[in-house]
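Just so it is clear, the structure is predicted and the values come from calculations on it, not from any experiment. By convention in this document, chain letters (A, B, ...) are assigned in the order of the sequence lines, proteins followed by strands, and residues within each chain are numbered from 1.
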Amino acid sequence: MYALIDGNNFYVSCERVFRPSLNNIPVVVLSNNDGCAIARSNEAKALGIKMGAPWFQIRHLQESAGLVALSANFALYGDMSDRMMSLIGGLGHTQEVYSIDESFVELSGIPGDLVERGHRMRERILRWTGLPTCIGMGATKTLAKLANHVAKTAERKPGSYPPHLAAVCHLGALAAHELQAVFAATAVTEVWGIGPRIGRQLQEAGVSTVQELTQLDPASVRRRWSVVLERTVRELQGLPCIALEDCPPAKQEIACTRSFGQAVTELQPLEEAITSFASRAAEKLRRQDSLAAQILTFIRTSPFRADRQYSRSILVPLERPSSDTAVLVQAALAGLHAIYRPGYKLAKAGVMLLDLCPTSLVQEELALAHDPPPDRSRLMAALDSLNQRYGRGTILMGSGGTGNQPKLWTMKQERRTPRYTTRLADIPVAAA
DNA sequence: TCTGGGGTCCTAGGACCC
DNA sequence: TCTGGGGTCCTAGGACCC
């Protein structure tokens, strides 16, 4: 038995904890670069704002409907997430932190009324962190996800499901006819693992509700679609096919990519950007104690513009696996020089570290032709601790440009709230 | 004017091996 | 005249997730 707990409209809810004036009004949180809406309050959803809606298309709602938009404040959301996750751990034996706002919890053998336990957990999270949540429970992870969808929808849209399923929904506790009614009232596109593409194909095959999906034969689903969809069908039928991952595996690739605040055509600002992306990626790599054997650099124009398009990437193999910022930056810049062409309005660039392996498993080599490169792991450790203590960007590679002058390529963040919980200077002051 | 970032898994097809 | 079968590894691309 599994539970899935997630924060309602998570980023918006984090902002509301520190700015109660945002309660009961339409609020969206914008993606990096203030590009599009990535979180919406219920009031914003009611205005018809879709997930991912470009900001320039909805900004008129500021005047006409009192919409408030905020730039994403990931330092705040990450810290609020840590607080919420540590509470959620108390719900069962093992916990998988699935995303910034979701956890699966294994519930087998937990005595007592699970629905009541779920309601108590919601109340505790709300009282201790200020964050509203919903909880779904079921025999498999896919059913728990589905139950969570039912819990949220029943709360937000009265009449869509029986009211006693709001906020906490345990599919395993329903009578058979009640479960079938829930399945019949839910579209296949709400199922975890079914995206727009497969959803369309299912509907063309006459399968539009979860109830119809659960009646398909898994083997035929595998032949017609794939083993992935077969697992989804079996999970909906109650057979666990996806295990809980209580200790997250090391990443197999690490990326740092950004859209620019404004178009870039010159090489020099691109070098600064690529330097900073590679440095940041190297930092993440060292945090998981791994080395990269290849690095990919890419640049591209905006596919939304009518301008001449340019999009290229290049994979640069390293002589030996490394997590050294200088080595990775140098390789990334070599890649950039190979693919850069003047005259294009570039909108985005990025760096990806590939072919990762744990530092402890790296293949040693015979020093035949020349001496091995100097070991700079202590230098990197010092760099990381300085940047952690005094703030990101305290120590930079020279090709990243000096920290003082404003950079045209950095992203737009015109509406970011303070880092209330992670910077001393930003801690809110309570008036007496 | 203006459209995010960071991941995973699966499959098909080519190259190569014996 | 007549040219196999079985396997692995790698890569690119598709689909999905939040």
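Base pairing of B:dC9 is made with C:dG14, judged by Watson-Crick or G-U wobble geometry with both donor-acceptor distances under 3.5 Å.
Between A:T257 and B:dG6 there is a side-chain N or O to OP1 or OP2 distance below 4.0 Å. Residue A:R231 places at least one side-chain N or O closer than 4.0 Å to OP1 or OP2 of B:dC10. For the OP1/OP2 pair of C:dC17 and a distance below 4.0 Å, the side-chain nitrogens and oxygens of A:S99 include no atom meeting the criterion. For B:dC2, the OP1/OP2 oxygens have a side-chain nitrogen or oxygen of A:R305 closer than 4.0 Å. Under 4.0 angstrom from either OP1 or OP2 of B:dC9 there lies at least one side-chain N or O belonging to A:Q252.
Contact record, A:C14 with A:L131: N-CD2, 3.9 Å, taken as the closest heavy-atom pair.
Straight-line distance from the CD1 atom of A:I254 to the P atom of B:dG7: 6 Å, rounded to whole Å. A:R258 has its CZ atom 15 Å from the P atom of B:dT3, to the nearest Å. B:dG4 atom P lies 14 Å from atom CZ of A:F277, rounded to whole Å. Between the CZ atom of A:R197 and the P atom of C:dG13 there is a distance of 15 Å, rounded to whole Å. If you measure from atom NZ of A:K50 to atom P of B:dG4, you get 19 Å, rounded to the nearest angstrom. Taking atom CD of residue A:E253 and atom P of nucleotide C:dA12, one finds them 13 Å apart after rounding to whole Å. Look at CD1 on A:I5: it is 15 Å from P on C:dC18, rounded to the nearest Å. Distance, A:M352 CE to B:dG4 P: 17 Å, rounded to whole Å.
No contact: A:N33 has no heavy atom under 4.0 Å from any strand. A:K412 comes within 4.0 angstrom of no nucleic acid atom, judged by non-hydrogen atoms across all strands. A:D101 comes within 4.0 angstrom of the backbone, heavy atoms only, and of no base. Within 4.0 Å of A:I194, counting heavy atoms only, lie sugar-phosphate atoms of the nucleic acid but no base atom. Contacts of A:I100 with the nucleic acid, taken as non-hydrogen atoms under 4.0 Å apart, are absent. Residue contacts for A:V29: at a heavy-atom cut-off of 4.0 Å it reaches no nucleic acid atom on any strand shown. Using a 4.0 Å heavy-atom criterion, one finds that A:P303 contacts no nucleic acid atom at all.
Of the candidate nucleotides C:dC16, B:dT11, B:dC2, B:dT11 has the atom lying nearest to any side-chain atom of A:V227. Side-chain proximity of A:V228 to C:dC18, B:dC10, B:dT8: nearest is B:dC10. Of the candidate nucleotides C:dC17, B:dG4, B:dT3, B:dG4 has the atom nearest to the side chain of A:I38. Minimum atom distance to the side chain of A:S31 is reached by B:dG4, of the listed B:dG7, C:dC18, B:dG4.
A salt bridge does not link A:K412 with A:D34: every distance from a Lys NZ or Arg NE/NH1/NH2 to an Asp or Glu carboxylate oxygen is 4.0 Å or more. The pair A:E155-A:R122 meets the salt-bridge criterion, since a charged nitrogen lies less than 4.0 angstrom from a carboxylate oxygen. We find that A:R234 and A:E230 are joined by a salt bridge, their nearest charged nitrogen and carboxylate oxygen being less than 4.0 Å apart.
Place A:F56 and A:A255 on DNA chain B by their nearest nucleotides, and A:F56 ends up nearer the 5' end. Comparing A:S226 and A:Q57 by the nucleotide of DNA chain B that holds the closest heavy atom to each, the one mapping nearer the 5' end is A:Q57.
Using cut-offs of 30° and 60° on the angle between ring planes, the pair A:Y11 and A:Y77 is parallel.
A donor-acceptor contact closer than 3.5 angstrom is absent between the side chains of A:S385 and A:Q388.
When the options A:K284, A:R286, A:R389 are evaluated for a salt bridge (charged side-chain N to carboxylate O under 4.0 Å, His left out) with A:D384, the one that passes is A:R286.
Between B:dG4 and C:dC17, the two C1' atoms lie 15 Å apart (nearest whole Å).
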